[in-house]
There are 2 protein chains.
Amino acid sequence: MALPKVGSIGEYIREQRQQAKISLRQLAEQAGVSNPYLSQIERGLRKPSAEILNQIAKGLHISAQALYVQAGLIEDREPPSDVIAAIRADTFITGRQRQVLIDIYESFRKENRPAGGPDDQADDESPLPEELLSAIEAVTSSNGTRHQSTQEG
Amino acid sequence: MALPKVGSIGEYIREQRQQAKISLRQLAEQAGVSNPYLSQIERGLRKPSAEILNQIAKGLHISAQALYVQAGLIEDREPPSDVIAAIRADTFITGRQRQVLIDIYESFRKENRPAGGPDDQADDESPLPEELLSAIEAVTSSNGTRHQSTQEG
DNA sequence: ACGGAGTGCTAGCAATAGTTAGCGCAGGTC
DNA sequence: GACCTGCGCTAACTATTGCTAGCACTCCGT
């Protein structure tokens, strides 16, 4: 996974610009930023805001996301945090449901840890701890029967 | 599809903070920003940088991504694909676990649909269909007994 | 009553982002 | 040669972000 080194946003922008074979002034104009500022950014003298990065991305015809990643504003979708972040950001499920999903996910992760990581070969060996299963049952039971069963007992 | 309106980052932060039942000063401290500045942000008087948003997100224990979306820095991933795509791309859980998670998520979504969207009030009414629960049990059982039970029959 | 702790906010300031005006250089044309 | 166009950059400036010091208010305990 030879990702470009995060942090050298200026270098990255210059590379992309040179790849596109356009001058600094052309990119500045297309991006709608001043060319001296773009020059400063490329040389690492300034740290542009996300909005400026967005504009530069448009000028370069690349995704703003790529520039955000280079600038360290967002993480390059590391799978571990991505699922959790996605679940957290989801507004279509309730907070309780989010927590349940996250718990399940983390439980899966925990069980896979002794396997040493991403083993798709172990598809058939997907353990689900029974305490988690009972927690899920509690969610279902509370909705199914509507009685306030205490889970502590 | 009642998503929060993008752009009212200050309102969003205040709402999240009030949901978390912490004071402005507490959040400011947890986020590592000055409390007057946080106050200004909440009231829309200032436009925080992505870094500040990142810090605030940490203080709120939410994803920075959610704040970036609110602030308009990134586009709101379409929720259907975000969680599901993230789960699919995850390499730390097995394919079977991925499918289970996706099924759970979709089931949550489906149950929430008549509720009209993100109702955190309905936390206690998070229905989990019994067929899904049995599917989860099947995952657990297949791991517990280690026999190659055919699931087709 | 007072004092203390907590709350959110105001005013002023320092630091930084982003712009404008202009420079020197290179290449081309007459 | 002079002039023009295009290149990237410097210096000074404006606008904005983010902070510090301090205020007024509320609530509670003595």
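Below, all heavy atoms of this structure are taken into account, side chains as well, without hydrogens, waters or symmetry copies. Below, chains carry the letters A, B, ... as their sequence lines are ordered, and counting in each starts from 1.
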Whole-Å gap separating P (C:dG6) and CD1 (B:Ile22): 15 Å

Value in whole Å for how far the C1' atom of D:dG18 lies from CD of B:Glu29: 17 Å

Touch class at under 4.0 angstrom, heavy-atom based, for B:Ser23 against every strand present: sugar-phosphate

Interatomic distance where CG belongs to B:Leu38 and C1' belongs to C:dC9 [whole Å]: 12 Å

A:Glu29, CD: over 12 other non-hydrogen atoms inside 6.0 angstrom: no

Any B:Arg43 side-chain nitrogen or oxygen under 4.0 Å from OP1 or OP2 of C:dC9: yes

Presence of A:Ser39 side-chain N/O under 4.0 Å of D:dC9 phosphate oxygens OP1/OP2: yes

Rounded distance in Å - CD (A:Glu42) to P (D:dC9): 7 Å

Distance in angstrom units between A:Leu53 CG and C:dA17 C1', rounded: 12 Å

Contact check, side chains of A:Val33 and A:Leu27, non-hydrogen atoms, under 4.5 Å: no

B:Gln40 atom CD: more than 12 heavy-atom contacts under 6.0 Å: yes

B:Tyr68 and B:Ser63, any side-chain heavy atoms less than 4.5 Å apart: no

Sugar-phosphate, base or nothing in reach of B:Ser49, heavy atoms under 4.0 Å: sugar-phosphate

Separation of atom CG in A:Leu24 from atom P in D:dC7, rounded to whole Å: 9 Å

Polar pair under 3.5 Å, donor/acceptor by atom type, side chain A:Arg46, base C:dG18: yes

Whole-Å distance separating the CG atom of B:Leu45 from the C1' atom of D:dT17: 13 Å

Shortest side-chain distance from A:Gln26, nucleotide among C:dT19, D:dC7, D:dC19: D:dC7

B:Pro36 vs A:Pro48, nearer the 5' end of DNA chain C by closest nucleotide: B:Pro36

Polar pair under 3.5 Å, donor/acceptor by atom type, side chain A:Asn35, base D:dC7: no

Candidates C:dT19, D:dC19, D:dG8 - which lies nearest the side chain of B:Tyr37: D:dC19

Atom-to-atom span, CZ of A:Arg25 to C1' of D:dT10 - whole angstrom: 13 Å

Heavy atoms from other residues, nucleotides or ligands near CD of B:Glu11 exceed 12 (cutoff 6.0 Å): no

